[in-house]
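Just so you know, these numbers use all the heavy atoms, side chains as well, and skip hydrogens, waters and symmetry mates. From a predicted model like this one, the values you see are computed outputs, not experimental measurements.
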Amino acid sequence: MRKAPEGSQDPGPGEQAPSGSGLERVSCHEDLVKALAEQFARADVSLRELQARADRAGGVRLPRATCADMLAGRRFPKKALMVAFLRACRVPEPQIPAWERTWERVRLTRMPLGQDRTTDSSTGAPPEDQRRTAGGTPPEDRGRRRTVGGARPPGRGRRRAIVLAGAITVAVGVGLVLTAALRGGMSEELPGDIVDVGHIVSDDGRAFGGGGSSRFTVTVSPANTGVRLIRRLDVGVPLQHATITVNGAPAGAWRPLLGDELYKWRNQIVELPPHLTAGRGSLTIVNASVGSSDFNEFRYIVKHKVDDVWSIIDTIDIGPDHTADEAMHGYRIVEQGWLGTQTFAYPPRTEDWNIE
């Protein structure tokens with residue numbers, strides 16, 4: 001995958017802003033979301049990969065759903081989460097303090113008028129004794145919501161309406177900004193109506209044509225009573241067809257799927273015959289192309305059934321950026337016709353896009 005360029009930074013005392021710096025212009029939640037979306041686009045990775053990087057680094061975790069909410073503007077991130085996200089995006093460490101100052105500046109603009117603007121720097125929340133109740137009213141102000149004479153303070157309903165309208169605008173606008181940012185520098189366009197950015201994935205892979213094949217070995221439990229092979233593919237190339245063998249025995253086929261020029265990612269699942277997998281600790285899989293369409297492969301996930309429970313047992317990432325993973329699984333390809341990285345989206349109502 002492409003190397004992510006250095007992120008922008010907000011200069012502090014004695015610091016000089018780098019060329020293209022934009023953090024000094026971030027003044028609200030919407031601006032912050034746009035800046036984070038740009039870093040995500042520059043990193044050119046999936047949310048799954050960001051989560052994996054954070055897990056390897058230890059400390060704050062980056063659940064994909066939480067990151068998707070942050071990038072869509074559905075929630076204001078905690079500072080620690082934002083910093084973990086930026087580090088996973090490979091933002092240089094010297095630039096992190098500028099992002100933290102930007103977060104603090106934006107956090108102040110989100111506080112209700114009249115509230116003490118001292119915050120918990122690790123979570124972004126006001127101190128415990130200043131936090132509001134679920135209804136939005138400090139305990140000491142209960143029973144004093146009306147002015148003398150019983151009238152409500154003027155303008156409260158209008159302010160709430162403005163805040164709600166602003167939130168809707170941010171959610172819609174950020175989705176468009178993120179899509180546009182992801183399009184920049186990409187060879188393939190993304191659909192313009194993606195709602196959940198978590199459905200956008202960048203992945204590298206390979207493809208082989210007629211007469212070609214791929215081969216790899218995966219691990220399973222000898223106690224398995226069933227194995228499922230799950231392949232991520234690009235259906236922008238329609239009608240891909242390949243036979244499958246397990247340890248040299250015919251085991252099924254990858255059936256042709258119709259093409260889709262908008263939402264190109266799919267997860268295709270083949271259940272292998274139990275008599276070919278039971279009692280074995282490893283399976284050598286060979287996919288052999290049938291027909292004229294190129295057969296592409298980006299990632300394989302292996303699930304096995306043990307004690308009537310399905311679980312993931314092995315994963316192999318295919319592509320020029322995952323040669324170590326390929327070598328670990330003995331991956332070989334014959335008649336390779338393409339290799340590279342693609343950024344596509346899963347269909348918005350696809351339930352199995354996230355296999356894990």
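D317 contributes no side-chain N or O that, together with a main-chain N or O of R299, makes up a donor-acceptor pair within less than 3.5 Å. For the pair Q240 (side chain) and N296 (backbone), a donor-acceptor distance under 3.5 Å is present. Of the possible donor and acceptor atoms, one in the side chain of E326 sits under 3.5 Å from a partner among the backbone N and O of G319. Of the possible polar contacts, none joining the Q39 side chain to the K34 backbone as a donor-acceptor pair under 3.5 Å is found. In this structure, H304 contributes its side chain and N224 its backbone to no donor-acceptor pair below 3.5 Å. Checking side-chain atoms of D260 against main-chain N and O of L262 turns up a donor-acceptor pair under 3.5 Å. Judged by distance alone, with hydrogens and angles left aside, the side-chain atoms of R105 form a donor-acceptor pair with the main-chain N or O of V26 at under 3.5 Å.
L239 CG to S293 OG: the interatomic distance, rounded to the nearest 0.5 Å, is 5.5 Å.
Under the 4.5 Å side-chain heavy-atom criterion for ILVMFWY residues, a single connected hydrophobic cluster contains both I244 and F216.
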(Q) Let's go through W99 and F85 carefully: what are the C-alpha distance in whole Å and the side-chain angles of both, what is the deciding distance for ring-ring contact (aromatic ring centres under 6.0 Å, His included) to 0.1 Å, and is it a yes or a no? (A) CA-CA 11 Å; W99 283 91; F85 172 84; 8.7 Å; no
Q: Evaluate the ring-ring contact (aromatic ring centres under 6.0 Å, His included) criterion for residues Y346 and Y263: first the C-alpha distance (whole Å), next the side-chain angles of each, then the deciding distance (0.1 Å), finally the verdict.
A: CA-CA 5 Å; Y346 282 91; Y263 300 99; 9.9 Å; no
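Taking the six-membered ring for Trp and the full ring otherwise, F298 and W265 have centroids separated by under 6.0 Å. Taking the centre of each ring, F76 and W103 come in below the 6.0 Å mark.
Of the residues listed (Q336, E297, E335), the one engaging S214 in a side chain to side chain donor-acceptor pair (under 3.5 Å) is E297, and it is the only one.
Side-chain atoms of R215 and Y331, non-hydrogen and from C-beta on, never get closer than 4.5 Å to each other.
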